[in-house]
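All of these numbers come straight from a predicted model, not from anything done at the bench. Below, chain A is the first sequence line, B the second, and so on; all start at residue 1. Every heavy atom of this structure was used, including side-chain atoms; hydrogens, water molecules and symmetry mates were not.
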Amino acid sequence: MKAPVIGSATSSRPAATTPNRPVRDYGKTWTIGPILIWMSALFLLPLILILGVSFFTRSSFGGIELPLTVENYVRFFDPLYFKILWISCVLAFFTTAICLVLGYPFAYIVARSPINYRNILMLLIIVPFWTNSLIRTYAWIVLLRTEGVINTILMQLGIISQPLPLLYNETAVLIGLVYTMLPFMVLPLYASIEKLDKSLLEASSDLGAKPVHTFWKVTLPLTAPGIMAGSLLVFIPSLGLFFIPDLMGGSKTVLIGNLIKNQFLTARDWPFGSASSIILMGLTLLFITAYILITKDKEGKELL
Amino acid sequence: MRYSLGRKFSVFYASLIYLFLYMPIAILILYSFNQSKLNAVWTGFTFDWYVKLMQNSDVLEAMKTSLIVALISTLAATMIGTLAAVGMYRYHFRGKTALDAMLYLPIVIPEIVMGISMLALFAQLKVPLGYFTLIAAHITFSVPFVVVVVRARLAGFDKSIEEAAMDLGATPWQTFVKVTMPVIAPGILASAMLAFTLSLDDVIISFFVAGPASATLPLKIFSMVKFGVTPEINALSTLMLVVTLAIVIFAERIRMRKE
Amino acid sequence: MLGPMVELQNVVKRFGQHTVVHDLSLHIQKGEFLTLLGPSGCGKTTTLRMIAGFEHPTSGKVKLDGEFVQDLPAYSRDVNTVFQSYALFPHLNAYENVAFGLRVKKVAREEIDQRVKQALRLVQLEEYASRKPEQLSGGQRQRIAIARALVNNPKVLLLDEPLGALDQKLRKQMQVELKHLQKQLGVTFVFVTHDQEEALTMSDRIAVMNKGVLEQVGTPADIYDRPATRFVAEFIGETNLLTGTVKLRDSRRMLIDCGGMEVAAASLQLPENEKVTVAIRPEKSALSLAPVETGIDQLVQLPGRLTERIYCGGITRTVVTLPGGIPFVAVEKTDQLLPVNEGDELFVNWQPEHGVVLTR
């Protein structure tokens with residue numbers, strides 16, 4: 001729909017301005033040039049590089065050598081490693097689902113709150129959004145560890161005699177992930193719920209739909225772009241946040257993020273680490289493509 | 001009457017979520033003032049941990065690194081990003097969609113992929129890990145966000161005022177400095193603050209590209225946490241929270257003034 | 001059962017400290033086209049929303065076809081609304097929008113199909129069934145909104161400024177179509193507008209509201225020829241207003257002193273020295289070069305000076321300044337203008353029974 005408009009603007013512009021203002025041609029170079037060079041060199045090139053490395057063989061000194069091979073990709077589907085991907089996806093899925101279930105009613109309440117204090121309520125969501133995720137993870141460690149706040153309080157109250165093993169398990173990792181990612185779910189949900197025209201809800205009620213029906217047939221479909229954007233913003237980073245499993249899961253929980261990190265820093269198997277990264281990125285692109293296709297003609301670019 | 005039950009539930013539920021979001025942070029801050037070093041029993045109020053922190057040369061070094069990296073990368077990313085946003089707003093060129101995609105990707109792909117790919121690049125080019133690699137990496141992940149924020153500001157920009165300036169005899173450069181810049185200034189400032197916070201907060205990418213002598217504050221916290229929970233980390237976290245809060249409130253002020 | 005279809009009994013609506021509707025009572029008959037008319041913020045939309053069930057009265061009762069409904073939510077009332085913004089569901093096509101009400105009521109599939117098609121035929125949009133709202137023009141959206149409401153066979157159709165977003169030409173056309181539709185189906189229509197012309201052309205009866213108060217209810221002719229209040233006289237059409245006090249009164253006529261000018265009007269039960277306003281429509285008055293020879297109780301005649309003539313095609317609006325600097329607008333036929341120029345003296349006259357005496 002939009003392409004012809006852009007096309008016509010392009011064709012009419014030079015005709016109107018170029019003859020007496022040749023200066024404008026440099027403008028393009030100076031504005032687009034730097035970013036093009038920078039992002040090509042430091043974003044695109046590195047990606048191509050690890051794509052290349054992923055087809056090499058690990059040398060005995062931790063470097064890379066020939067021959068070229070797809071062994072690294074094959075190895076990833078070995079049950080040992082594939083299980084890591086599977087657990088990562090399951091954990092990321094639960095994180096997303098819990099964030100959605102907790103976040104949707106919350107975003108709804110905030111978006112429908114009286115206008116005079118909606119701004120302050122929003123600010124209270126934005127602050128954790130900007131707060132360092134490492135610090136927010138650490139805050140939970142303070143609460144959950146063996147000598148932590150919860151165990152101390154419970155023991156002083158005499159409810160328990162031995163500290164509970166609250167930290168270093170998958171539940172702790174899940175709590176950490178949900179806590180860190182919840183604001184990323186709430187913000188896009190809030191944006192789409194706030195945009196929802198109130199008269200549509202009234203129209204639904206007017207046509208005989210009970211509140212439950214209105215929610216399923218009007219509210220939910222119309223806020224679907226927000227739900228999908230939020231899910232994407234939670235799901236993808238959840239796969240890569242290696243420090244939460246590191247700090248809260250102990251050595252028990254290894255996720256794909258940790259696997260990649262370890263291949264590069266501990267095992268020094270760069271080809272396998274690269275292949276794992278490429279698979280993670282491929283998975284991500286798959287989700288994003290699905291997202292773009294689903295929200296094609298609804299305003300889809302609300303990821304931010 | 002009929003609605004009051006629903007409203008009570010709403011207030012209750014929203015309060016629970018806010019409690020969930022803020023309680024751990026509040027406790028973290030509280031215990032940065034606790035005398036006891038060993039456990040969570042409250043033994044008395046103290047500023048000792050902040051004093052100790054200021055005597056910890058490693059921490060001070062990390063603070064310095066974080067600030068230098070954040071300042072330089074913010075400056076560079078804001079410049080590159082703003083120019084690009086203006087260029088993409090004003091010009092049409094071949095490969096614009098591709099450039100769009102290249103700026104969109106870093107925002108959505110997992111940070112760890114960006115981190116290890118840059119590490120691979122620096123290793124191949126034999127660039128030693130340190131300030132330089134940190135700054136380069138931070139610029140790279142900040143630039144796309146700057147472009148998005150400044151472009152959003154430009155989207156509401158009335159092109160005819162630029163044409164009016166040119167019509168009155170201003171050159172393209174004068175037009176940019178005297179008309180375009182002041183209008184999009186709040187957007188640029190907002191994007192700079194975003195870049196600054198992103199840089200200050202980054203853990204994952206910095207983890208891969210920082211050298212042993214160039215740990216940023218979050219990396220320092222990460223390594224300290226690995227060795228256990230101490231009130232010093234609480235104090236350091238509290239300080240970082242205060243800085244973040246100040247930036248967010250400042251940014252919100254600007255946003256409100258704009259509206 | 002021939003009671004009114006809608007009955008509002010002493011309805012009051014407050015939002016916080018602000019009273020939007022004051023003690024409003026109104027009966028709307030079955031099959032009637034009633035318009036709530038008033039300036040923006042007069043409470044007409046709030047009144048409509050209380051009938052629809054989106055708002056609930058602070059006090060008072062709402063009766064729908066003999067049953068009290070003031071505490072029922074919108075979804076349990078047999079009324080449907082055509083919204084100002086149309087409020088078509090953007091994720092559903094025209095067909096599904098129209099089918100929405102029937103689906104939530106779990107009507108049988110075949111019946112839904114039949115009734116939706118019939119409703120689309122009624123608004124002449126059968127071919128557009130599969131279009132999304134964004135692919136329809138303003139006029140088409142409007143019709144889908146009407147079809148979506150009517151397909152449920154509501155007892156009352158509520159229309160909240162439904163023509164406000166349309167351009168002038170389409171608006172006129174839709175006015176005629178809506179009126180036809182209402183006559184054809186015999187459904188009770190309650191129509192909200194701030195456009196007095198729209199109200200006059202479409203309605204069986206008009207309820208004029210101002211600041212939350214019902215000023216007058218009556219047929220368009222009643223409202224236009226016999227406004228009950230100063231507000232109604234001024235809001236509907238153009239009116240000249242002269243204020244004064246009652247001087248003399250007999251069974252047939254009374255004489256009102258308007259700042260030295262003596263104005264005769266039909267007699268009302270009013271005490272002497274009562275303050276009143278006389279309202280005269282421009283087209284009910286005439287101009288003459290010299291006073292007409294007749295009694296003061298036969299024709300009101302006031303001297304004045306020609307200030308301005310405004311050409312309006314077939315007619316010309318002529319502004320005359322009366323003694324005391326009061327402007328008075330009269331209407332002349334453009335091809336029969338009096339031979340006078342600006343600043344010249346002339347006389348305004350009208351028959352006493354055409355001056356409407358208002359006490360509020």
Side-chain angles (χ1 to χ4, degrees), chain A residues 6 9-10 21 23-24 27-28 30-32 34-36 38-39 42-47 49-50 53 102 105-106 109-110 123-124 126-128 130-132 134-135 138-143 145 147-149 152 236-237 239-240 242-243 247 257 260-261 264 273 277 280-281 284 288 303-304, chain B residues 10 13-14 17-18 21 24-25 27-28 31 38-41 80-81 83-84 86-88 90-93 99 102-103 106-113 116-121 124 136 139-140 143 148 171-172 197 201 203-204 208 218 221-222 225 229 233-234 237 240-241 244-245 248 252:
Chain A
I6 294 166
T10 331
R21 298 197 191 278
V23 197
R24 272 187 158 241
K28 210 182 284 186
W30 283 109
T31 52
I32 305 299
I35 200 161
L36 208 59
W38 189 274
M39 294 308 286
L42 281 139
F43 177 68
L44 218 51
L45 187 63
L47 285 184
L49 186 68
I50 59 160
V53 169
L102 288 179
F106 179 66
I109 292 165
V110 174
L123 189 69
L124 286 173
I126 292 170
V127 169
W130 286 127
T131 305
N132 191 313
L134 184 60
I135 292 180
Y138 172 69
W140 274 96
I141 297 174
V142 171
L143 287 178
R145 71 195 175 109
E147 310 84 29
V149 177
T152 306
I236 293 170
L239 291 172
F242 64 80
F243 57 83
L247 297 176
I260 294 172
K261 188 199 86 177
F264 275 86
S277 308
L280 176 59
M281 204 173 102
T284 308
I288 291 166
L303 274 172
L304 275 173
Chain B
S10 295
Y13 183 79
I17 296 285
Y18 280 120
L21 286 174
I25 298 176
I27 289 173
L28 170 91
Y31 277 92
L38 289 173
N39 55 33
V41 181
I80 297 173
L83 281 175
V86 171
M88 292 178 82
R90 197 179 285 175
Y91 306 113
H92 298 274
F93 47 88
L99 181 61
M102 188 161 75
L103 293 175
I107 298 178
V108 290
I109 66 167
E111 280 180 88
I112 189 166
V113 176
I116 59 108
S117 65
M118 276 191 268
L119 170 64
L121 178 79
Q124 288 301 310
I139 293 171
T140 311
V143 158
V148 167
T171 63
T197 355
D201 281 354
V203 184
I204 296 180
F208 293 102
I221 295 178
F222 186 44
V225 174
V229 172
I233 308 176
N234 289 37
S237 301
M240 282 192 73
L241 282 169
T244 309
L245 196 66
V248 172
E252 280 299 297

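Contacts of T284(A) with chain B are made by side-chain atoms alone, with heavy-atom separations under 4.5 Å and no backbone atom involved. Proximity to chain B involves both the backbone and the side chain of L102(A), based on heavy atoms less than 4.5 angstrom apart. Proximity to chain A is limited to the side chain of L245(B), based on heavy atoms less than 4.5 angstrom apart. The contact between P105(A) and chain B is made by backbone and side chain atoms together, counting heavy-atom distances below 4.5 Å. Contacts between L21(B) and chain A at a heavy-atom distance below 4.5 Å involve backbone atoms as well as side-chain atoms. Only the side chain of L44(A) comes within contact range of chain B, with heavy atoms under 4.5 Å apart.
Note: I135(A) CD1 to M240(B) CE = 4.5 Å, rounded to the nearest 0.5 Å. How far CZ of R90(B) is from CD1 of I32(A): 11.0 Å, rounded to the nearest 0.5 Å. Rounding to the nearest 0.5 angstrom, the gap separating the CG atom in L239(A) from the CD1 atom in I109(B) is 12.5 Å. Within the model, atoms CH2 of W140(A) and CD1 of I25(B) stand 11.0 Å from one another, a figure rounded to the nearest 0.5 Å. Here CE of M88(B) is found 10.0 Å from OG1 of T31(A). Values are rounded to the nearest 0.5 Å. For the atom pair OG1 (T244(B)) and CD1 (I126(A)), the distance works out to 13.5 Å, reported to the nearest 0.5 Å.
Take L45(A) and apply the side chain to side chain contact (heavy atoms under 4.5 Å, CB included) test, not counting sequence neighbours, and it matches L121(B). For T140(B), the side chain to side chain contact (heavy atoms under 4.5 Å, CB included) partners are W38(A), M39(A), L42(A), F43(A), M114(B), M118(B), not counting sequence neighbours.
Per-residue counts of heavy-atom pairs under 4.5 Å with chain A were compared for I221(B), V86(B), T197(B); the largest is that of I221(B). Most heavy-atom pairs under 4.5 Å with chain A, from the set V113(B), I17(B), L28(B): that is I17(B). Between chain B and the residues V53(A), I236(A), I260(A), the largest count of heavy-atom pairs under 4.5 Å involves I236(A). Contact count versus chain B (heavy atoms, under 4.5 Å) is highest, among T131(A), L124(A), V110(A), for L124(A). Ranked by heavy-atom pairs shorter than 4.5 Å toward chain A, the options V248(B), V225(B), I233(B) are led by I233(B). Ranked by non-hydrogen atom pairs under 4.5 Å with chain A, the options L99(B), I116(B), I139(B), L241(B) are led by I116(B). When P106(B), A136(B), G81(B) are compared by the number of non-hydrogen pairs under 4.5 Å with chain A, P106(B) comes out ahead.
When side chains are defined from C-beta on, V149(A) counts as touching Y31(B), because their heavy atoms get closer than 4.5 Å. Annotation: side chain of F242(A) is in contact with side chain of I204(B) (closest heavy-atom distance under 4.5 Å).
Closest of all the heavy-atom pairs between D201(B) and W130(A) is OD2-O, 2.6 Å. Considering all non-hydrogen atoms of both residues, P218(B) and N132(A) come closest at CG-ND2, 3.6 Å. Closest of all the heavy-atom pairs between Y13(B) and F106(A) is CE2-N, 3.6 Å. Between K28(A) and F93(B), the shortest heavy-atom contact is CD-CB, 4.1 Å. The two residues I112(B) and G257(A) come nearest to each other via the heavy atoms CD1-O, 3.1 Å. Minimum heavy-atom separation, P46(A) to S117(B): CB-O, 3.3 Å.
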